[in-house]
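One structure is given here, and the rest of the page talks about it.
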Amino acid sequence: MPELPEVETVRRGLEGAILGRTVRAVVVRAPALRWPIPADLDRILPGLEVASVRRRGKYLLLGLAPGTLIVHLGMSGNLVFRREPTPPGRHDHLDIVFDHGVARLNDPRRFGAVLWHPRALGPVEDHPLLAGLGIEPFAEEFDGRHLYRASRGRIASVKQFLLAGEAVVGVGNIYASESLHRAGIRPTRAAGAIGLARYERLAEAIRATLGEAIEMGGTTLRDFEGPDGVGGYFQLACRVYGRDGLACGRCGGTIRRIVQQQRATWFCPGCQR
DNA sequence: AGCTGGTCCTGATGGC
DNA sequence: TGCCATCAGGACCAGC
């Protein structure tokens with residue numbers, strides 16, 4: 001489910017629902033996500049006010065006065081506020097209870113994470129999980145020159161380079177394929193062998209792709225739903241993802257599916273070079 | 001059985 | 001030989 005647009009969709013929903021509200025209780029049901037959910041969250045959070053709801057890459061950052069709750073949704077996570085929550089289900093691992101409803105973390109595959117970072121508001125970039133992240137795709141400093149410089153000497157494929165998140169954050173498997181198609185770049189090409197002009201195009205393609213996906217509420221492949229309980233619909237706008245055998249909308253070529261680093265990649269051999 | 005949205009960690013490799 | 005950066009693969013897990 002969650003690449004940057006989905007996480008941003010979740011963030012916006014949460015911000016509208018819990019910003020400025022005070023945590024009343026916390027219920028931890030499954031301590032074993034990627035790492036254990038801190039067992040003492042139920043003592044730390046109650047009484048604290050949600051002062052900010054931010055996002056860094058695919059991480060959600062809930063600012064709560066003396067610290068920050070860092071949440072990652074992994075492959076299958078979601079964090080949604082419900083005014084009238086249903087009884088918790090099998091994969092509802094965490095409830096953050098407010099007077100007016102409950103923010104509930106659901107994550108069947110448990111690749112997600114919930115961590116408490118005991119630092120006051122402001123930057124939490126010193127956290128080891130955040131320190132190595134690339135820049136935000138919507139930041140001013142993100143452009144083709146940045147990608148060009150970061151990729152010099154790299155023999156790994158450009159798709160792998162994007163997924164690594166060291167140059168730019170938030171581009172996951174779906175949007176890597178989509179952005180590369182939009183930029184006309186073949187995903188298998190070595191990152192270090194791509195010139196500045198093409199990286200300018202790629203940077204713009206990444207921005208445009210992610211921006212459109214956010215507007216559409218993200219991509220729903222199986223079960224992702226946004227804050228309002230409905231799925232996103234960017235999957236309807238995908239140009240190559242999941243479309244092997246179909247015709248490319250730009251050149252009419254036949255879209256192909258290959259596997260890179262054990263992840264599927266889709267591209268059009270006709271217009272991606 | 002083999003896929004599926006992520007990313008940390010370990011061990012291998014290669015250049016200096 | 002040792003150090004560094006990079007790269008490849010395994011690991012985590014449930015559902016379809």
Side-chain angles (χ1 to χ4, degrees), chain A residues 1-11 29-37 55-60 70-80 89-94 105-115 127-134 137 149-179 187-193 209-210 213-214 216-226 231-238 240-245 257-266:
Chain A
M1 181 267 292
E3 299 183 37
L4 186 147
E6 293 74 40
V7 178
E8 178 62 18
T9 298
V10 168
R11 190 200 69 77
R29 291 190 199 82
L33 298 183
R34 183 186 187 105
W35 301 286
I37 298 178
R55 178 189 58 71
R56 176 75 175 96
K58 298 170 192 168
Y59 290 89
L60 284 167
I70 301 175
V71 178
H72 197 287
L73 300 177
M75 292 274 258
S76 58
N78 204 351
L79 179 57
V80 177
R90 182 151 130 75
H91 303 298
D92 291 331
H93 305 311
L94 173 71
L105 177 75
N106 178 279
D107 184 6
R109 290 177 69 183
R110 293 200 271 128
F111 285 0
V114 176
L115 300 168
H127 192 281
L129 287 176
L130 306 174
L133 295 181
R149 266 183 296 193
S151 61
R152 292 311 86 185
R154 299 300 190 96
I155 60 168
S157 71
V158 60
K159 190 213 180 193
Q160 188 185 355
F161 172 67
L162 290 181
L163 287 184
E166 293 158 21
V168 60
V169 293
V171 182
N173 207 43
I174 298 174
Y175 300 113
S177 284
E178 291 297 310
S179 300
T188 49
R189 189 167 291 280
T209 303
L210 295 179
I214 291 171
M216 294 181 157
T219 298
T220 296
L221 293 185
R222 266 158 288 280
D223 52 6
F224 173 66
E225 45 178 64
Y233 51 100
F234 182 78
Q235 66 278 7
L236 302 176
C238 284
V240 289
Y241 184 88
R243 298 177 58 82
D244 44 306
R257 177 189 188 275
I258 60 172
V259 176
Q260 298 177 278
Q261 280 73 45
Q262 311 176 75
R263 313 280 314 265
T265 300
W266 285 265

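Sequence lines set the chain letters: A, B, ... in the order given, protein chains first and strands last, and positions in each chain run from 1.
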Checking dG10(C), dG15(C), dT7(B) against the side chain of Arg34(A) (C-beta onward), the nearest is dT7(B)
Have a look at Ile155(A) and say if it touches a base, only the backbone sugar-phosphate, or nothing, with a 4.0 Å heavy-atom cut-off. sugar-phosphate
Once you apply the 3.5 Å cut-off to both distances, tell me the Watson-Crick or G-U wobble partner of dG15(C), or none. dC3(B)
Specify the separation, in whole Å, of atom NZ of Lys58(A) and atom P of dT7(B). 4 Å
What integer distance in Å separates His91(A):NE2 from dC16(C):C1'? 12 Å
When you measure from the side chain of Glu8(A) to the backbone N and O of Arg55(A), does any donor-acceptor pair fall under 3.5 Å? no
Glu3(A) CD to dT4(B) P, straight-line distance once rounded to whole Å: 13 Å
Determine whether a donor-acceptor pair (N or O, by modelled atom type, separation under 3.5 Å) exists between the side chain of Gln160(A) and the backbone of Gln261(A). no
Indicate, with a heavy-atom threshold strictly under 4.0 Å, whether Leu33(A) touches base, sugar-phosphate, or nothing. nothing
Between CZ of Arg90(A) and P of dC13(C) the distance, given in whole Å, is 12 Å
Assess the side chains of Glu178(A) and Thr209(A): does a donor N or O sit below 3.5 Å from an acceptor N or O? no
Side chain of Ala156(A) only, heavy atoms from C-beta on: which candidate in dC7(C), dG10(C), dA14(C) is closest? dC7(C)
Quick one: does Arg110(A) reach the base of dC13(C) with a side-chain donor-acceptor pair under 3.5 Å? no
Quick one: Glu166(A) CD to dC9(B) C1', roughly how many Å, whole number? 14 Å
Using modelled atom types and a 3.5 Å cut-off, is there a donor and acceptor pairing between side-chain atoms of Ser177(A) and backbone atoms of Trp266(A)? yes
Arg263(A) has its side chain closest, among dC13(C), dC8(B), dT7(B), to dT7(B)
Less than 4.0 angstrom between a side-chain N/O of Gln160(A) and OP1 or OP2 of dA8(C), yes or no? yes
Please classify the nucleic acid contact of Tyr59(A) as base, sugar-phosphate, or nothing, using heavy-atom distances under 4.0 Å. sugar-phosphate
If I take atom CG in residue Asn173(A) and atom C1' in nucleotide dT4(B), what distance separates them, rounded to the nearest angstrom? 9 Å
Can you see if the side chain of His72(A) gets near the phosphate of dC8(B) - specifically, an N or O under 4.0 Å from OP1 or OP2? no
Please report, rounded to the nearest Å, how far the P atom of dT4(B) is from the CD atom of Gln260(A). 13 Å
Please indicate yes or no: is the ring centre of Phe111(A) less than 5.5 Å from the centre of the six-membered base ring of dC12(C), with the two planes inclined by under 30 degrees? yes
Whole Å only: how far is the CG atom of Asn106(A) from the C1' atom of dA14(C)? 11 Å
Picking from dT4(B), dC8(B), dG6(B), which would you name as closest to the side chain of Leu129(A)? dC8(B)
With a non-hydrogen cut-off below 4.0 angstrom, is Ala264(A) in contact with a base, only sugar-phosphate, or nothing? sugar-phosphate
Side chain of Gln261(A) only, please: which of dA8(C), dC13(C), dT7(B) is the nearest? dA8(C)
From CG (Asp107(A)) to CZ (Arg34(A)), nearest 0.5 Å: 11.5 Å
Decide whether Asp92(A) and Asn106(A) meet the rule of one side-chain donor and one side-chain acceptor closer than 3.5 Å. yes
From the list dG6(B), dC13(C), dG10(C), which nucleotide is the closest neighbour of the side chain of Arg109(A)? dC13(C)
